[in-house]
Amino acid sequence: MKNYRIILMLLCATLLCVGCGKKDRPADLPDDMSPCEITITQDGAPVDGATVSFVYATDVKYSTSGTTDAKGVAVMMTYGQAGAQQGTAKVLVSKLVTEGASESEEYGETGSLGQDFHVIDAKYRNEATTDLEITIGKSRVKETYEVGAPVHEPAK
C-alpha cells in the first residue's frame with residue numbers, strides 16, 4: 001500500500017510539471033513583442049466576434065490575430081502569446097454569421113444547415129484592398145478601426 005501512495009504522488013507531481021497543454025513559447029518568437037489591443041467598430045458600434053489579423057510588410061514566422069469581444073476589442077496574440085511583433089502590418093477584419101439554421105439543427109437533427117454571410121465589407125478582408133494599417137513599436141498599442149456599414153454577402 002505504501003508503494004501505491006508513492007506511485008500516486010509521483011504521478012501527480014509529473015502531471016503538475018507537464019501542465020495543461022498551454023503552448024510553450026518558441027525560442028525563436030521575438031522577445032520584444034508589444035501588448036496590442038485593436039477595437040473594431042461598424043457604423044460607430046462595436047463589432048463582437050470579428051477576427052482581426054495582421055499581414056506584416058516584412059516576413060515573419062508567426063501570425064498575429066485576435067477575436068473581438070462584446071466591446072469590439074481584440075487582444076492580439078502571436079503563437080498563443082499575448083502581443084504583436086514589431087513592424088508595420090496591414091490589418092484584416094472579417095466576420096461570418098450563419099442564417100437559417102433552426103434550433104433543432106443545432107442539436108444534430110437533420111435539415112438545412114443555414115447559410116453563412118460576411119458582414120464586414122470585402123475591402124477589409126483582403127490584403128490588397130484594405131486601407132487599415134498599423135505600426136507596432138516598443139510600447140503598448142491601442143488602435144480603433146471603423147469598417148463602414150454592415151454588408152450581407154453570401155460566403156462561398
- Could I get the full list of salt bridge (charged side-chain N to carboxylate O under 4.0 Å, His left out) partners for E133, not counting sequence neighbours? none
Decide whether [X] and [Y] are clustered together by the hydrophobic rule: side chain heavy atoms of Ile, Leu, Val, Met, Phe, Trp, Tyr closer than 4.5 Å, transitively.
{"X": "L132", "Y": "I38", "answer": "yes"}
{"X": "I136", "Y": "V55", "answer": "no"}
{"X": "F54", "Y": "L92", "answer": "no"}

- Task: Show your working on side chain to side chain contact (heavy atoms under 4.5 Å, CB included) between E99 and F117 and close with a plain yes or no.
- Result: CA-CA 8 Å; E99 296 178 3; F117 292 92; 3.6 Å; yes
If you look at every heavy atom in [X] and [Y], which pair is closest and at what distance?
{"X": "T68", "Y": "V47", "result": "OG1-O, 2.6 Å"}
{"X": "V52", "Y": "A74", "result": "CG2-CB, 4.1 Å"}
{"X": "M33", "Y": "A82", "result": "CE-O, 3.9 Å"}
{"X": "C36", "Y": "I134", "result": "SG-CD1, 4.2 Å"}
{"X": "D48", "Y": "K95", "result": "O-NZ, 2.6 Å"}

- Between the main-chain N or O of T144 and the side-chain N or O of T39, is there a donor-acceptor pair closer than 3.5 Å? no
- Query: Under the 3.5 angstrom rule, does the side chain of E153 hit a backbone N or O of D121 as a donor-acceptor pair?
  - Reply: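 No, E153 side chain to D121 backbone: no donor-acceptor pair under 3.5 Å.
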